[in-house]
Colleague: 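Quick one: the structure is below, and I'll ask about it shortly.
In what follows, residues are counted from 1 in the order of the sequence shown.
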Amino acid sequence: MTFSNNALLPLLLGDHDRHLARIEQKLGVRLACRGNRISIAGPTIQVAAAEAALAALYRQLERGEFIDGPKVDAAMRLTDPTIDPRLPLSDLPAIRTRKGAIGPRSAAQTAYIDLLARHEMVFALGPAGTGKTYLAVAQAVAMLTSGKVDRIVLSRPAVEAGERLGFLPGDMKEKVDPYLRPLYDALNDMLPGDQLTKRMTTGEIEIAPLAFMRGRTLAHAFVILDEAQNTTPVQMKMFLTRMGEGTRMVVTGDLTQIDLPAGTRSGLADALETLEGISGIGVARFNNCDVVRHPLVGRIVEAYDQRHNAVKEHIRERHS
């Protein structure tokens with residue numbers, strides 16, 4: 001591969017060629033740089049994936065974007081020969097906020113962004129670190145700043161028991177803030193700090209504890225319910241039926257992380273069984289391969305899943 005801009009080549013290689021080393025390790029190829037050329041050696045499919053990843057990263061640099069380890073990993077996931085991302089890298093969807101465009105970092109995220117753009121209600125399921133909540137917040141901010149919705153409403157079932165919150169000091173915002181921290185962290189990435197504070201003060205960005213959603217109709221809003229696996233079926237039905245004219249809803253959760261009392265059915269599982277396939281509702285599913293945090297997170301999730309499956313198999317054998 002030949003790269004015409006010698007000023008961008010060091011950024012593509014990374015300090016001490018660390019980006020090349022990352023690609024070599026992940027894809028099982030050998031990379032060598034001489035002058036403004038990078039040679040790739042290895043199995044044909046893997047060479048093609050490495051070539052596509054390098055080309056995509058170089059295009060990002062040409063657009064003035066910053067390249068780091070996670071972006072190198074994202075480029076490789078999107079050129080993985082075992083996964084069909086459905087779209088050429090140049091045509092991948094992006095969510096545009098005032099802090100810049102946020103693009104997909106896996107094939108599953110590509111499909112998810114597409115669902116967020118096309119459907120009024122989207123369920124996103126999968127393990128931690130797959131971008132379910134982050135991309136939902138990005139879409140919410142993009143629609144708020146472009147005037148397509150009037151406000152963002154954030155909710156989490158962890159705050160459902162109002163009587164327990166009553167023992168905590170402070171007003172309602174101070175009581176529920178610890179539960180909604182992941183949503184705030186995402187908002188801080190999308191909006192300048194002064195804008196976030198102003199929009200929260202004016203009510204454009206609202207915290208709505210699940211316990212206090214009953215009886216409301218949410219119109220022209222982008223509503224996010226996070227950690228939805230910890231709702232009951234009654235709570236989930238109540239939440240979903242708050243939807244009013246011009247509203248978008250995103251429900252995120254991980255059905256392997258249910259913290260409800262034993263014997264209580266998850267409202268998220270119940271809703272999927274009831275609603276999947278209905279026109280206007282999209283469902284995005286992520287797995288361990290889609291984890292976009294530190295690579296170790298994916299391995300941790302995989303290890304827990306393997307142990308969980310081994311325990312289930314052992315119980316099944318004992319009862320058979």
Side-chain angles (χ1 to χ4, degrees), residues 1-114 116-117 129-131 134-135 138-139 141-142 145-146 189-192 289-296 298:
M1 300 181 68
T2 302
F3 299 92
S4 58
N5 191 332
N6 289 331
L8 296 181
L9 194 57
L11 301 177
L12 180 65
L13 304 180
D15 294 340
H16 307 293
D17 293 348
R18 67 178 59 186
H19 294 164
L20 293 190
R22 207 174 186 113
I23 293 172
E24 285 182 326
Q25 182 179 14
K26 176 73 173 179
L27 295 180
V29 296
R30 295 190 308 278
L31 302 176
C33 182
R34 182 169 296 178
N36 67 338
R37 302 180 69 183
I38 296 177
S39 63
I40 312 170
T44 303
I45 294 178
Q46 303 305 99
V47 166
E51 182 180 8
L54 286 167
L57 291 167
Y58 187 73
R59 284 196 297 272
Q60 291 179 44
L61 290 170
E62 287 183 316
R63 294 195 297 266
E65 298 178 25
F66 175 73
I67 297 298
D68 57 9
K71 286 197 174 181
V72 174
D73 290 341
M76 287 188 286
R77 273 192 298 271
L78 290 167
T79 55
D80 188 329
T82 65
I83 299 173
D84 178 12
R86 300 190 309 156
L87 290 172
L89 285 173
S90 58
D91 295 332
L92 291 177
I95 298 171
R96 305 194 180 278
T97 71
R98 289 188 178 179
K99 280 198 170 182
I102 297 171
R105 294 192 172 190
S106 70
Q109 284 193 358
T110 300
Y112 183 37
I113 290 175
D114 186 51
L116 290 172
T130 50
Y134 191 84
L135 291 175
Q139 181 72 4
V141 169
T145 55
S146 65
D189 280 355
M190 316 293 171
L191 288 168
C289 297
D290 300 311
V291 173
V292 295
R293 290 181 186 166
H294 190 285
L296 189 56

Colleague: For a quick test of reading the model, state the closest non-hydrogen atom pair linking Ala142 to Ser146 and the distance between them.
Modeller: O-OG, 2.9 Å

Colleague: Looking at CG of Leu12 and CD of Glu62, how far apart are the two atoms once the value is rounded to the nearest 0.5 Å?
Modeller: 10.0 Å

Colleague: Enter the distance from Asp189:CG to Tyr134:OH here, rounded to the nearest 0.5 Å.
Modeller: 3.5 Å

Colleague: CZ of Arg22 to CE of Met76: how many Å apart, nearest 0.5 Å?
Modeller: 6.5 Å

Colleague: Determine, stepwise, if the pair His19 / Leu57 fulfils side chain to side chain contact (heavy atoms under 4.5 Å, CB included).
Modeller: CA-CA 10 Å; His19 294 164; Leu57 291 167; 5.9 Å; no

Colleague: What's the shortest heavy-atom distance between Gln60 and Ile67, and which atoms?
Modeller: OE1-CD1, 3.6 Å

Colleague: Has Tyr58 got a side-chain atom pairing as donor or acceptor with Leu8's backbone, closer than 3.5 angstrom?
Modeller: no

Colleague: Considering non-hydrogen atoms only, spot the tightest contact between Ala55 and Met1 and give its length.
Modeller: N-CE, 4.0 Å

Colleague: Which atom pair, heavy atoms only, marks the closest approach of Gly28 to Pro43?
Modeller: O-CD, 4.0 Å

Colleague: Quick check for you: to the nearest 0.5 Å, what is the distance between Leu61 atom CG and Lys71 atom NZ?
Modeller: 9.0 Å

Colleague: Quick check: closest heavy atoms across Leu27 and Gln46, and the distance to 0.1 Å?
Modeller: O-NE2, 2.9 Å

Colleague: Quick one: closest heavy-atom pair of Leu135 and Leu116, and the distance?
Modeller: O-CD1, 3.7 Å

Colleague: Within this structure, what is the CG-CG distance for the pair Leu13 and Leu20, rounded to the nearest 0.5 Å?
Modeller: 5.0 Å

Colleague: So with a 6.0 Å cut-off around CZ of Arg63, is the heavy-atom count from everything else above 12?
Modeller: yes

Colleague: Could you check whether any side-chain heavy atom of Thr145 comes within less than 4.5 Å of a side-chain heavy atom of Leu191, counting everything from C-beta outward?
Modeller: yes

Colleague: Would you compute the distance between atom CD1 of Ile38 and atom CZ of Phe3 and round it to the nearest 0.5 angstrom?
Modeller: 4.5 Å

